[in-house]
Amino acid sequence: MLVLVAPGQGAQTPGFLTPWLDLPGVEDRLRAWSDAIDLDLVHYGTKADEEEIRDTAVAQPLLVASALLSARQLFATTDAVAAEVGAVAGHSVGELAAAALAGTLTDETAMALVRRRGQAMAEAAAVIETGMAALLGGDEAVVLPHLEQLGLTAANVNGAGQIVAAGTAEQIAALVENKPEGTRRVVPLKVAGAFHTHHMAPAVSALESATAQLAVADPRTRYVSNKDGQAVSSGQELVRRLVGQVANPVRWDRCMETFKELGVTTLIEAAPGGTLTGLAKRALPGVRTLALKTPDDLDAARTLITETTSAAAAAGSAPAE
C-alpha cells in the first residue's frame, strides 16, 4: 500500500522551488495562486533568503504550494490519487495539502485557507516571543515530565525518538541549557512561534470564521489525521480537525502507527521532502520511502508507484489458501 505525505513548517530552504518551475505549467499555476492569495510565491520560492521564508505567513503557503505542485506531477487529479494511493496525511500545515489531494478541498481553496492560517498564526506568534525545539533521542516517559516542569508543551510527538517542544523563548533557552536525561540533542527550529499550543488560540478563532461557509467534500482517499492518527471519512469533520489542530499537538507517531496497521509498503513525501521519510525509515522498517526534493526524483517515484500498484493488484487477485 502506498501512503502519500506532505511535510510541515521548517522543511523550506531558500530557492527550493527553483527547479520545479522548469516543468511545463508549474510556473503558470504558481503565479495564478500568487495572484489569488496576494503573495508572490515565485519570488519566495526562488529568490527569498532564509529569514524571509521563515515568516509564518510566507512559509505556510509556500509549503502547501510546493507539496501540491510536486504531488500533482505524479497524481494530476483526485481520481488518480484515489486509484493508486491507500492513504494521505500531512504534518501540521501539510494537512491542508493532504486535504486537497484527498479531494476534500480544491487546490485553490487549500491555498486560500493556508494563506489565512499563516497570517493568523503569525499574528498570534507576534503577541509574545515564542518558538520550538526538537529533542532527538530520549525516553518519552522522561522527556514529557521534563518539558512540563519547564512549562513547555510537547507540540509534535513525531515518533522515532523525536519530540518537538514549544513555548516562550525563555523556556526554549532553558531547555537548550537543561535537556532531559538521555536526550542526545536539542535543536531550535526555524519557526516563528509556539505552534500547536495554547499560544495559537487566536488563530483557531480566525480559522473558524474562515471555514464557516466553506464548501467541502468527503475525502476520496483515506485521510489520516494529526489529531489522533485516525482515518477521517467526513469532509466536515476533517476541516473541523484542521482548524482545532492549530492549537493542539501533532501526533505524527500515531499517524505512522496507523500507516503500519493499514499495511503500508511504500511512502512518498511531497516536496520539500526529507523530514517525514527520515522518521519513517526509523519507525517503519522495511517500508520503501522516497522524498521528492527536485524533479529529478519524479521518475524514481513513478517507478515505486507502478511497483506498489502492481504488487497490490497481484495480491488482490491471488487465490485464497
Side-chain angles (χ1 to χ4, degrees), residues 1-11 63-64 67 71 81-82 85-105 110 117 132 134-135 138-141 143-144 147 153-166 195-197 200 204 216 218-270 273 275-289 291:
M1 187 191 79
L2 172 64
V3 170
L4 180 62
V5 298
Q9 200 162 338
L63 286 163
V64 171
V81 177
V85 178
V88 298
H91 190 286
S92 188
V93 70
E95 286 206 291
L96 277 87
L101 293 168
T104 289
L105 306 175
R117 185 186 193 268
M132 305 177 80
L135 294 89
D139 187 334
E140 190 173 312
V143 171
L144 296 183
L147 297 182
T153 299
N156 303 161
V157 182
N158 287 331
Q162 185 187 107
I163 292 175
V164 176
F195 306 139
H196 304 291
T197 72
M200 292 294 111
V204 174
V216 302
D218 292 339
R220 296 274 309 282
T221 302
R222 187 184 288 107
Y223 179 97
V224 180
S225 169
N226 282 182
K227 179 180 175 64
D228 49 16
Q230 296 300 304
V232 180
S233 58
S234 160
Q236 292 292 340
E237 171 65 9
L238 192 160
V239 171
R240 187 186 70 79
R241 286 174 173 240
L242 286 177
V243 171
Q245 202 60 41
V246 168
N248 286 286
V250 170
R251 294 305 305 259
W252 192 251
D253 58 332
R254 292 181 179 171
C255 291
M256 290 196 294
E257 288 169 7
T258 296
F259 301 160
K260 186 175 182 179
E261 291 168 2
L262 291 171
V264 59
T265 58
T266 304
L267 182 144
I268 294 176
E269 181 180 3
T275 301
L276 302 182
T277 48
L279 292 170
K281 285 175 182 177
R282 296 191 292 276
L284 299 170
V287 172
R288 296 185 298 176
T289 63

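Not measured: the values here are computed from a predicted model.
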Considering all heavy atoms, the nearest Ala89-Ala98 contact: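 Nearest heavy atoms, Ala89 then Ala98: C-CB, 3.6 Å.
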Donor on one side chain, acceptor on other, Ser225 and Gln230, under 3.5 Å: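 There is no such pair (donor and acceptor under 3.5 Å, judged by atom type) between the side chains of Ser225 and Gln230.
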Looking at every non-hydrogen atom in both residues, tell me the closest pair between Ala155 and Thr197 and how far apart they are.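 Closest heavy-atom pair between Ala155 and Thr197: CB-CG2, 4.2 Å.
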Are Glu269 and Thr289 close enough that some pair of their side-chain heavy atoms sits under 4.5 Å apart?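 No; the side chains remain at least 4.5 Å from each other.
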Who pairs with Glu257 by salt bridge (Lys or Arg N to Asp or Glu O under 4.0 Å), at least two apart in sequence or on another chain?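 For Glu257, no residue satisfies salt bridge (Lys or Arg N to Asp or Glu O under 4.0 Å) once neighbours in sequence are set aside.
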For Gly90 against Asn226, the heavy-atom pair lying closest together: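 The answer is O-ND2, 2.8 Å.
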How would you list, by chain and number, every residue that makes a ring pair (Phe, Tyr, Trp, His ring centres under 6.0 Å) with His91, sequence neighbours excluded?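 Ring pair (Phe, Tyr, Trp, His ring centres under 6.0 Å) list for His91, sorted by chain: Trp252.
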So do Val250 and Val164 actually touch side chain to side chain, heavy atoms under 4.5 Å?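 Sidechains of Val250 and Val164: no contact.
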Consider only side-chain N and O atoms of His196 and Thr153, and report whether a donor and an acceptor are under 3.5 Å apart.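 There is no such pair (donor and acceptor under 3.5 Å, judged by atom type) between the side chains of His196 and Thr153.
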Looking at Arg222 and Gly86, what are the two nearest heavy atoms and their distance?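 Reported closest heavy-atom pair: NH1-O, 2.6 Å.
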Please identify each residue that fulfils salt bridge (Lys or Arg N to Asp or Glu O under 4.0 Å) with Arg288, with sequence neighbours left out.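 Glu307.
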Do the side chains of Ile268 and Leu2 get nearer than 4.5 Å, heavy atoms only?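 Heavy-atom side-chain distance check passes, below 4.5 Å.
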Test item: Val93 and Val64 side chains (from C-beta on) under 4.5 Å apart, heavy atoms: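 In short, these two side chains touch, coming nearer than 4.5 Å.
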Under a 4.5 Å cut-off applied to non-hydrogen side-chain atoms, are Val287 and Lys281 in contact?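 Of all side-chain heavy-atom pairs linking Lys281 with Val287, none is under 4.5 Å.
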Nearest atoms (heavy-atom pairs only) where Ser233 meets Pro219: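 Looks like O-CD, 3.4 Å.
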Under a 4.5 Å cut-off applied to non-hydrogen side-chain atoms, are Ile163 and Leu144 in contact?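 Ile163 reaches Leu144 side chain to side chain.
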Side-chain contact test, heavy atoms from C-beta onward, threshold under 4.5 Å: evaluate it for Leu135 versus Gln162 and give yes or no.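 Not touching, per the 4.5 Å side-chain cut-off.
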For a 4.5 angstrom cut-off between non-hydrogen side-chain atoms, does Val143 reach Asp139?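 No, too far: nothing below the 4.5 Å cut-off.
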